[in-house]
Each structure stands twice: as C-alpha cells, then as structure tokens.
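See structure below.
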Amino acid sequence: MALRLYNTLTCRVEEFIPGGEKKDKIEDYPPVTIYSCGPTVYSYAHIGNFRTFLFNDLLRRYLKFRGFRLNHAMNITDIDDKTIAGARNEKISLRNFTGRFTGIFFENLKMLNAEDVEHVPRATESVDSMIDILTRLHEKGFIYTKEGSLYFSIEKFHAYGKLCRLDRSGIKTGLRYDTDEYEKDDVRDFALWKAEDDPDVSWDTPFGRGRPGWHIECSAMIRKIFRGTIDMHTGGVDLIFPHHENEIAQSEAAYGDKFVRHWVHVEHLLVDGAKMSKSKGNFYVLADLLEKGYSPRSIRYLLISAHYKKQMNFTLTGLEQAGQALARIDNFTARLKDRFSSPEDCKELRECIEVFYKNFTDSVDDDINISMGIGAFFDFIHAVNSLIDGDRLSAKDAAGVMDVLRDIDRVFGFIFFPGETKSSLDEKEIERLVNERNSAKEKKNFTEADTIRDSLLKEGIILEDTKSGTRWKLKK
RNA sequence: GGCGUCGUACCCAAACGGCUAAGGGGAAGGUCUGCAAAACCUUUAUUUACCGGUUCGAGUCCGGUCGACGCCUCCA
C-alpha cells in the first residue's frame, strides 16, 4: 500500500508522490521537500500551536519510517507587527526579543520529543530572496505602489482562489472588511512590502526601504532553500486563507512553476469545547501544564492521538487518560525486562509482529490515521502479554519485542524505555533492597517486607512480584 | 450574510456502503498473589443527535430539523 494524504488543493485524498513522478520503490524517490509554517515568535506558543507542530513531527517521522528521505524546513517568523510591537514594548532590539521566544519554542519542542528538522530559516535572513520575488513580480506587472508600500494585484493573477473551498466572490463581499482602513485598489490585494516606519527594522530594496509583508516571507524562504516546486506545505487550517492563497499567488506569478504539490492543513484544537482565550481561563502554554504535574509525554500522546483533520477538544481529563494509556505501555516495557524461561522461540510471536506491522502501516498510510495505528499497537501489546502469561517467550523473543518497540517509537516518540532511569537511588541499591525484602518474605516476615516496599515507594519506585521474581519500575 | 466541518458508549476516539460498530480511559466480576501491584479472562453501543429518503444492504450517500465548531480579519 502507498501513503495517501488529503490535499487541500484538490479536496481529496491522494497518493503522496515526492517529485511528482511515481516510482516502484520508496528508496527511489528524491528526498521529500516539506515546508511547515512555523511560529511567529512574539510570545509563548500555546498547546494549540503544538498540536500542529507535533503533527508535522508525526508526519516527518512516519515518512522516515516508511523509507522516504527528508528535506524539511520550518520557518521562524521573526518580523511582523507583533514582534516589532513586542520589542518596542520591552525597549529591546527585535533580535533579542525574538531570540528569546525562539529559544523557548525550541526548548518546548524538544521537551515534547519533536525531532529537529533539516532547515530552520528566519524571515530576517531571507530578505535577498524577497527582493528577488519583488523584482520578478514588478517586471511582470503584478505590483502597484501606494504610499511607499508594494501591493500584489489579485486581478492580474487569474488562478487566485484555487486553494480548496475558496469562493472569490465570497471574499470580496465579506461583511467584516473595513475597506476604509486600507489604501488598496481591491480589498483582496495584499501587502508584499511595507513602507519604512522604523529605521531599526528596515531593509533596502530597489523599491525603497521598508519591511516585508507576512506572506512573502514564506515564499522567499521556500525559494531560497528549495529553488523550485516543493512536495508538501503544512500548517494550521487558519492559514489556508489568506496566507497560503497569497503564497501561491506571489510565488507562481513570480516564477511560473507550480509552487506546492501537496497542501496539508491541521485542524484547530479547542479547549473545554471552545476556542482558547485568556478571559475564559482555558489558555494553556506548555509550562502551565507541566506546573500542574502533567508530563510532556502525556501531552504529546494526547495531541497526536486524534486525526489531524478533526477539531480536537483538549481537556485535563483527556490528559489524565493519556497518562493512563502510557502507563499501560510502561507496564509492558517493564515486563519485558523480566526473566523469560521458555527454551524455544515462539512462532506465534513472529505472527503477532507481522500482523502488527501490517495493521500499523495500513492504518497510518491512510491519511495518517494514527488513532487506528495506536489501536493496532495496543492489540499487539495485548497479544504479547497473553503470550508472556502463557510462558511462551524466550529471552530472545523478549529482546525482539523490545526491538519492535524501539522501531515503532521512531514514529510515536512517546514510549519510555527503562534503564534510562533518573532515580536518586542507584540500581544496585534498589536490587539490594529487593533481595532483602524477598528474603524477609521467605521468612514470612511480611511486616519487614512491606516496610521495604513502602520506603522504595517513597523514592518513586514500585515493586511488583511475579512468578519469575520481583520487578521494579519508576512511579509516574 | 457567504463558505465549510462535525455530532459514535460514562469520558477520549477509529470505522474510505457490506462479516458480531477498532483501540484507550473508567467501572464491575473472576484468575494469580501473604497482601498489594501488574497481567490475563469476562462484562460495559441490537446501535451511531433527531426525522424522512435512496439501496438487496447506511454510522457511512441524499433532503430536512436541532446542536457544536471553524474560515471569510492577525492567528497553528
């Protein structure tokens, strides 16, 4: 089966074909070129933002899992009205201001176990490419000037509105436009370059000093990194219009070739059934949730677990349930550390593994149906648990299952692997106490045994007695 | 006002017209165990907001009603 993805441009699920030319084997495809709209670094990113960014991460991890090579860029929007206003408020340079929030953003992503992407361009470092676009658009007559600002004339670009679900007439008659606010010929036109109003955040161009409009930044960074047509462009649904529509217009008008083959948009996250807002008190950034004691793993699991094209309702209850689901997985990995006595390798296990891989890839190949993929994973855990209960696994089998977990975690990124402990007690000390408790148990001195168990529990270590001995795990 | 999405059990969430509507959480009973925990087994939607229609067959398609949400404006 091939990977199929919904394309906003065509409004349907399509096979994903990097380079636009179908190959027999995935390895034969050129590296997948992806551009993901990144954050505007004027404040802390909230969990709604992270749903989108974690989807990008899931998508890239799955592409790699399936054998595609990647060339993935996510930009940092470090110049726009909000970053300028923020820097001005704090009376610091734009660079210092955006640098701080950029740093926090990447720390957050790391905590959520998102992989680094290949390119992280910044708008302020891509002005030369913007000038190239402006020059070409100017030569081709798509630009007009008003009071030192450059605007893109939509009338001149006939394909405008081709991104799915766009009705040109609807845009024009939108009720909430305040046309008086603009100096544009047509309300749908957009600013490519804004006239200088602050010498500290201005660049020279053949068309005068100023700063970029928002939309041109992405077009410029894409051109700079990838040169021509890219395979995939991702972002939140709110960017479809006008941001992505405008990117298509200016890029295709300037260069003539197709801008993006496959558009992928992630639905919004709601919190407690409503849009996040500070007044409602349902506005969360990552630090808020960590303070409440939730783990980044739970947050990652929850934000990833629902289908990306569906609005998702975020609740603290949901986070707790995600934590419980992870605990089930953790118990499984802890169990795989036990001693396995079966002398023979289990044939059924091999079947389980095959079935799991097939179900998993079939599911996720289908427009990243990760919910079903996770379902397949729990089916696998269940099946293996049953085999363990029946004393069917050899030590080699158990190691094989561990390999499967490591392999699949290249996609999930939320499985915890024991051995990477950070307890205050070291492992030898724990083993010693476990042995001490076991000899107490043999002497039927249960009071002493329970005392040891309780004291370990206080250190965050849970003991479990099994047929093959006592195992310990870290408390969540 | 225009365009669009969605409404599946106590909660979260799959199911691309066709065997008994995945999976996770929670709950209940059982097995194992000194106890506990974990795991395993069993149970928890004759039914998919509601009303009609198309079809041999619909959660899935069509029409209507109610409800939630999004875009049309800076926004992941």
Side-chain angles (χ1 to χ4, degrees), chain A residues 4 11-13 36-40 42 45-56 77 80-82 164-167 169-178 181 187-188 214 234-243 265-270 273-276 301-302 305-307 309-315 317-332 334-335 338 359 363 366-367 369-382 384-390 441 444-447 449-450 453-454 457 462-467 470-473:
Chain A
R4 296 160 55 76
C11 292
R12 53 176 61 96
V13 177
S36 299
C37 276
T40 302
Y42 67 99
H46 57 66
I47 50 165
N49 296 319
F50 283 118
R51 181 195 190 186
T52 302
F53 297 129
L54 285 178
F55 173 74
N56 291 338
T77 299
D80 83 320
D81 292 351
K82 277 185 263 190
C164 187
R165 288 186 211 100
L166 266 178
D167 176 7
S169 56
I171 298 162
K172 196 170 189 176
T173 56
L175 288 178
R176 288 148 79 188
Y177 274 103
D178 180 5
E181 208 180 294
V187 288
R188 300 170 295 164
W214 176 38
T234 75
V237 283
D238 51 319
L239 297 182
I240 296 173
F241 184 86
H243 185 52
H265 291 100
V266 184
E267 251 301 347
H268 274 169
L269 183 78
L270 302 176
K275 204 169 176 173
M276 256 186 287
Y301 180 95
L302 181 64
S305 62
H307 189 86
K309 275 211 320 285
K310 271 190 140 181
Q311 285 178 354
M312 179 185 195
N313 186 25
F314 180 93
T315 62
T317 312
L319 251 193
E320 272 150 35
Q321 294 184 354
Q324 284 307 114
L326 287 175
R328 185 169 163 79
I329 298 171
D330 291 346
N331 285 325
F332 182 63
R335 206 176 180 201
D338 288 351
N359 290 344
S363 301
D366 183 14
D367 200 21
N369 189 342
I370 196 68
S371 313
M372 207 180 224
I374 293 173
F377 182 56
F378 279 107
D379 284 341
F380 173 69
I381 290 179
H382 183 253
V384 176
N385 265 326
S386 291
L387 291 175
I388 295 174
D389 275 10
K441 271 173 67 184
K444 306 252 186 248
N445 187 349
F446 297 121
T447 324
D450 288 350
R453 185 167 65 190
D454 289 346
L457 186 61
I462 296 170
L463 299 190
E464 291 173 0
D465 295 329
T466 73
K467 277 180 283 184
T470 302
R471 70 165 163 257
W472 59 272
K473 66 182 183 188

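A note on names: the letters A, B, ... follow the listed sequences, proteins ahead of strands, and every chain is numbered from 1.
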Query raised in the report: For rU31(B), which nucleotide is its Watson-Crick or G-U wobble mate, given both distances must be under 3.5 Å?
Result: rA39(B)
Requested in this report: Measure from CD on Gln324(A) to C1' on rG24(B) and round the result to the nearest Å.
Outcome: 10 Å
**Report entry** Least distance between heavy atoms, Ser36(A) atom then Thr234(A) atom
**Finding:** OG-OG1, 2.8 Å
Report task. Find the distance Met372(A):CE to rC16(B):C1' and express it as a whole number of Å. Result -> 10 Å
Query - Nearest-angstrom distance, C1' atom, rG30(B) to rC19(B) - result: 31 Å
**Report entry** d(CZ, Phe314(A); P, rA76(B)) in whole Å
**Finding:** 18 Å
Query - First of Ser305(A) and His46(A) reached from the 5' end of RNA chain B, by closest nucleotide - result: Ser305(A)
**Report entry** Residue list, side chain to side chain donor-acceptor pair (under 3.5 Å) with Lys309(A), at least two apart or on another chain
**Finding:** Asp367(A)
Query raised in the report: Between rU48(B) and rG17(B), how far is it from one C1' atom to the other, in whole Å?
Result: 15 Å
Query - Watson-Crick/G-U partner (both atom distances under 3.5 Å) of rU60(B) - result: none
Query raised in the report: Expressed as a whole number of Å, how far does the C1' atom of rG57(B) sit from that of rC66(B)?
Result: 28 Å
Query raised in the report: Which of the following nucleotides, rG24(B), rC6(B), rC71(B), is nearest to the side chain of Lys310(A)?
Result: rC6(B)
Report task. Take atom P in rC32(B) and the same atom in rA37(B), then report the distance between them in whole Å. Result -> 16 Å
**Report entry** Distance between P atoms of rC50(B) and rU8(B) (Å, rounded)
**Finding:** 10 Å
Query raised in the report: How far does the P atom of rG64(B) sit from the matching atom of rG2(B), given to the nearest Å?
Result: 14 Å
**Report entry** Electrostatic pair Glu267(A)-Lys310(A), nearest N-O below 4.0 angstrom
**Finding:** no
Report summary line: His265(A) atom NE2 is separated from rC3(B) atom P, nearest whole Å, by 21 Å
Report task. Select base, sugar-phosphate, or nothing to describe what Gly48(A) touches, counting heavy atoms under 4.0 Å on all strands. Result -> base
Query raised in the report: So what does Asp379(A) touch, heavy atoms closer than 4.0 Å: a base, only the sugar-phosphate, or nothing?
Result: sugar-phosphate
Report task. Evaluate the side-chain proximity of Ile462(A) to Leu457(A): yes if any heavy-atom separation is below 4.5 Å, no if none is. Result -> yes
Query raised in the report: For rC71(B), which nucleotide is its Watson-Crick or G-U wobble mate, given both distances must be under 3.5 Å?
Result: rG2(B)
**Report entry** Opposite nucleotide pairing with rG7(B), Watson-Crick or G-U, both atom distances under 3.5 Å
**Finding:** rC66(B)
Requested in this report: Give a yes or no on whether the backbone of Asn369(A) and the side-chain of Asp366(A) come within a donor-acceptor separation of less than 3.5 Å.
Outcome: no
**Report entry** Watson-Crick or G-U wobble mate for rU55(B), both contacts under 3.5 Å
**Finding:** none
Requested in this report: Find out whether Phe314(A) and Met276(A) are in side-chain contact, i.e. whether some heavy atom of one side chain is under 4.5 Å from a heavy atom of the other.
Outcome: no
Query raised in the report: Reckon Gly273(A) touches a base, only the sugar-phosphate, or nothing at all at heavy-atom distances under 4.0 Å?
Result: sugar-phosphate
**Report entry** Intermediate values then yes/no, side-chain contact (heavy atoms from CB on, under 4.5 Å), Tyr301(A) and Leu319(A)
**Finding:** CA-CA 9 Å; Tyr301(A) 180 95; Leu319(A) 251 193; over 6 Å; no
Report task. Give one of base, sugar-phosphate or nothing for Lys309(A), where a contact means two heavy atoms less than 4.0 Å apart. Result -> nothing
Requested in this report: Spell out, as yes or no, whether a donor-acceptor pair under 3.5 Å connects the side chain of Ser371(A) to the backbone of Ser305(A).
Outcome: yes
Query raised in the report: Within this structure, what is the CG-to-C1' distance between Asn359(A) and rA14(B), rounded to whole angstrom?
Result: 13 Å
Query - Between C1' of rA76(B) and NZ of Lys82(A), the distance in whole Å - result: 11 Å
Query raised in the report: Rounding to the closest angstrom, what is the interatomic distance between rC72(B) and rC16(B) at atom C1'?
Result: 30 Å
Requested in this report: Identify, between Arg4(A) and His243(A), the residue whose nearest nucleotide on RNA chain B lies closer to the 5' end.
Outcome: Arg4(A)
Query raised in the report: What string of B, S and - do you get for nucleotides 29-42 of chain B 5' to 3' if you count protein non-hydrogen atoms under 4.0 Å?
Result: -----BBBBSSSS-
Query - Nucleotide rC12(B), atom C1' - distance to CD of Glu320(A) in whole Å - result: 13 Å
Requested in this report: Please report, rounded to the nearest Å, how far the C1' atom of rU5(B) is from the CG atom of Asp238(A).
Outcome: 15 Å
Report task. Would you indicate whether the side-chain heavy atoms of Arg335(A) and Asp389(A) approach each other to under 4.5 Å? Result -> yes
Report task. Mind checking Leu269(A) for me? I need base, sugar-phosphate or nothing, with any heavy atom below 4.0 Å counting as a touch. Result -> base
Query raised in the report: Any N or O donor-acceptor pair linking the side chain of Gln321(A) to the base of rC11(B) at under 3.5 Å?
Result: yes
**Report entry** Watson-Crick or G-U counterpart of rU46(B), or none if no pair lies under 3.5 Å
**Finding:** none
Query raised in the report: Taking atom C1' in both rG53(B) and rA45(B), what distance in whole Å separates the two?
Result: 25 Å
Report summary line: Under a 3.5 Å limit on both distances, the Watson-Crick or wobble mate of rA15(B) is none
Query raised in the report: With a 4.5 Å limit on heavy-atom distance, are the side chains of Asp338(A) and Lys467(A) in contact?
Result: no
Report summary line: Taking rC71(B), rA15(B), rG25(B) as options, the one with an atom nearest any side-chain atom of Asn369(A) is rA15(B)
Report task. Would you classify His307(A) as touching base, sugar-phosphate or nothing, given that sugar-phosphate means primed atoms plus P, OP1 and OP2, and contacts are heavy atoms under 4.0 Å? Result -> sugar-phosphate
